[in-house]
Visitor: 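Once you've had a glance at the structure underneath, I'll fire off some questions.
Because the structure is predicted, anything quoted here is derived from the model rather than measured. Side chains included, hydrogens not; waters and symmetry mates left out as well; all remaining heavy atoms used.
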Amino acid sequence: MPHREKTRILLVDDVPENLLALEALIRRDDVVVHKAASGDAALELLLAHDFALAILDVQMPGMDGFELAEFMRGTEKTKHIPIVFVTAGGRELNYAFKGYESGAVDFLHKPLDAHTVKSKVNVFVDLYRQSKVLKHQLETLERNRQEQEALLQELTETQEELRKAITIRDEFMSIASHELKTPLTSLKLQIQLRQRYLKKGDASAFTIDKIAKMVESDDRQIQRLIRLIDDMLDISRIRSGRLTVHPATFDLSELVHDVVDRFSEQLAAAGCTVTLTVPGPVVGYWDHFRVEQVVINLLTNAMRYGAGKPVTIVLEAGDGRARLSVRDEGIGIAEEHQARIFQQFERVVSASQIGGLGLGLYIVDQIVRAHGGSIRVESALGKGSTFIVELPVEGNRASDAS
């Protein structure tokens, strides 16, 4: 409570002279005195202001002091205001009993003693101000407590996020080191084998056909390394909010045909025949490189989990959207796992069964979202999976313009 705020005291008496005399006794620079000549007038003041003390004359026509006190005690706004009765009726016990039953905290007897009146008023004013200060302190403490609880909650959440981040980092490093080591180990073994042939002077290992196979094998391992590194870089960009798209107008059907042609040998090696259904050109405004990532990831995903079985790709357009579906006839995904496969480091099976960082579908999801599109999977355990990507034909042209 500000120090300059004045304290209010209510005086109630039906005799104007008594009100003036009592006001003169209790006058202070830091006190505002309100006077009422009846119980009804006093009620209006009580409902309009906060008072530190109410001094009531007992004997008044109409509503007397006791009735006014009972009303004050029955009203939430006024029930805590200390009441002092002023009476000329003597010091009989029955007056005191009735007064205390009505809520009085003290009595003043006429004729009033100036020192007694001032002392009592000063006590109640000081108590009122102390209660205000205490209330303010309690409110401040409560606010501080709530702020501390909020900070503690925020700290707890931050610690949990940090713990998860450390766990993800450790898992990422473990998976990445394992996945990177596999193609590097293969390359190293091939190099050691060739070095052995060279030391022996055995040129039979370097015929045109064998060199072609070596180059093909090396290229596969290098491409695998490149894909792993690209995935790691994309994750870094996604986490830092720097996964950008650079859209341009192109035909998605041409891109899909090109990807299938480039992976024809790998599809054949995996025993996967591809049925591609593209009714005609599907032109849209997308990032060619990023959308190509999506198509490649879904196609290689179908080869991994549906090896030896056919893959069906359907591209269609309508209602301002392009719809690409890639279906395999592989192991399928149980319904309870279909949401989590689009999260980081998630796989349908364990890493020992199928290689990779477990980041492909997560990156695909982020790329599709960046284009304002959506991806979902329709699958059942043992019955294959269909991944469905929908992209707005206009992409994010409006946001690009801004």
Side-chain angles (χ1 to χ4, degrees), residues 230-231 234-235 237-238 241-263 267 272 274-306 310-330 332-333 335 337-344 346 348 359-380 383-402:
D230 284 343
D231 283 352
D234 279 340
I235 285 297
R237 294 187 187 104
I238 290 168
R242 292 186 289 107
L243 180 66
T244 57
V245 294
H246 303 284
T249 301
F250 67 91
D251 184 0
L252 181 56
S253 63
E254 289 184 3
L255 185 151
V256 173
H257 275 292
D258 180 59
V259 170
V260 173
D261 288 343
R262 275 189 283 148
F263 280 80
L267 287 162
C272 296
V274 178
T275 301
L276 178 58
T277 303
V278 181
V282 179
V283 179
Y285 187 69
W286 307 295
D287 185 316
H288 190 283
F289 173 74
R290 292 299 182 187
V291 173
E292 184 180 55
Q293 275 185 276
V294 171
V295 177
I296 290 173
N297 194 290
L298 295 181
L299 182 59
T300 55
N301 203 59
M303 282 192 290
R304 284 196 194 106
Y305 293 99
V311 174
T312 304
I313 301 174
V314 178
L315 177 63
E316 52 193 346
D319 298 324
R321 300 180 77 81
R323 186 174 185 269
L324 173 70
S325 65
V326 179
R327 174 163 183 80
D328 65 68
E329 302 299 332
I333 308 165
E335 185 177 355
H337 300 313
Q338 289 177 14
R340 72 174 179 81
I341 61 170
F342 295 103
Q343 299 173 6
Q344 298 179 57
E346 294 291 348
V348 177
L359 295 172
L361 289 176
Y362 172 74
I363 293 171
V364 165
D365 180 62
Q366 296 298 308
I367 292 173
V368 171
R369 287 173 184 267
H371 283 81
S374 63
I375 182 171
R376 68 183 188 276
V377 61
E378 295 177 356
S379 182
K383 296 183 179 180
S385 304
T386 302
F387 286 88
I388 302 166
V389 173
E390 291 191 356
L391 296 171
V393 169
E394 289 299 311
N396 286 332
R397 190 184 294 271
S399 62
D400 295 331
S402 62

Visitor: Can you name the closest pair of heavy atoms from Pro392 and Trp286 and give their distance?
Guide: O-NE1, 2.8 Å
Visitor: Applying side-chain hydrogen bond (donor to acceptor under 3.5 Å, both in side chains), can you list everything that pairs with Ser374, at least two apart in sequence or on another chain?
Guide: none
Visitor: Hey, could you give me the CG/CE distance between Asp328 and Met303, rounded to the nearest 0.5 Å?
Guide: 11.5 Å
Visitor: Can you check whether Ser379's main-chain N or O pairs, donor with acceptor, with Gln338's side chain at less than 3.5 Å?
Guide: yes
Visitor: Any chance you could measure Glu316, atom CD, to Arg321, atom CZ, to the nearest 0.5 Å?
Guide: 12.5 Å
Visitor: Kindly compute the distance separating SG (Cys272) from CZ (Arg304), expressed to the nearest 0.5 Å.
Guide: 12.0 Å
Visitor: So Phe387 and Leu361, do their side chains get closer than 4.5 Å, heavy atoms only?
Guide: yes
Visitor: If the condition is side-chain hydrogen bond (donor to acceptor under 3.5 Å, both in side chains), which residues does Arg262 pass it with, not counting sequence neighbours?
Guide: Asp258, Glu292
Visitor: Is the number of heavy atoms from other residues, nucleotides or ligands under 6.0 Å of Asp261 CG greater than 12?
Guide: yes
Visitor: Rounded to the nearest 0.5 Å, what separates atom CZ in Phe342 from atom CD1 in Ile375?
Guide: 4.5 Å
Visitor: Please give me the minimum heavy-atom distance between Val393 and Ala322, naming the atom from each residue.
Guide: CG2-N, 4.0 Å
Visitor: Pick from Val368, Ile313, Ile388: which one makes a side chain to side chain contact (heavy atoms under 4.5 Å, CB included) with Leu324?
Guide: Ile313
Visitor: Report the distance from atom NE2 of His288 to atom CG of Leu252, rounding to the nearest 0.5 Å.
Guide: 8.5 Å
Visitor: Taking Asp251 for its side chain and Ser253 for its backbone only, find out whether a donor-acceptor pair lies under 3.5 Å.
Guide: yes
Visitor: Is there a side-chain contact between Glu378 and Arg327 (heavy atoms, below 4.5 Å)?
Guide: no
Visitor: Let me confirm one number: the CG-CG distance from Leu267 to Leu299, rounded to the nearest 0.5 Å.
Guide: 5.0 Å
Visitor: Thr312: which residues meet the side-chain hydrogen bond (donor to acceptor under 3.5 Å, both in side chains) condition with it, sequence neighbours left out?
Guide: none
Visitor: Checking Val291 against Phe250 for the side chain to side chain contact (heavy atoms under 4.5 Å, CB included) test, could you report, in this order, the C-alpha distance in whole Å, the side-chain angles of both residues, the deciding distance, and whether it holds?
Guide: CA-CA 11 Å; Val291 173; Phe250 67 91; 4.3 Å; yes
Visitor: How about Val295 and Leu255: do any of their side-chain heavy atoms sit closer than 4.5 Å?
Guide: yes
Visitor: Can you see whether Gln293 engages Arg290 through a side-chain donor-acceptor pair at a distance of less than 3.5 angstrom?
Guide: yes
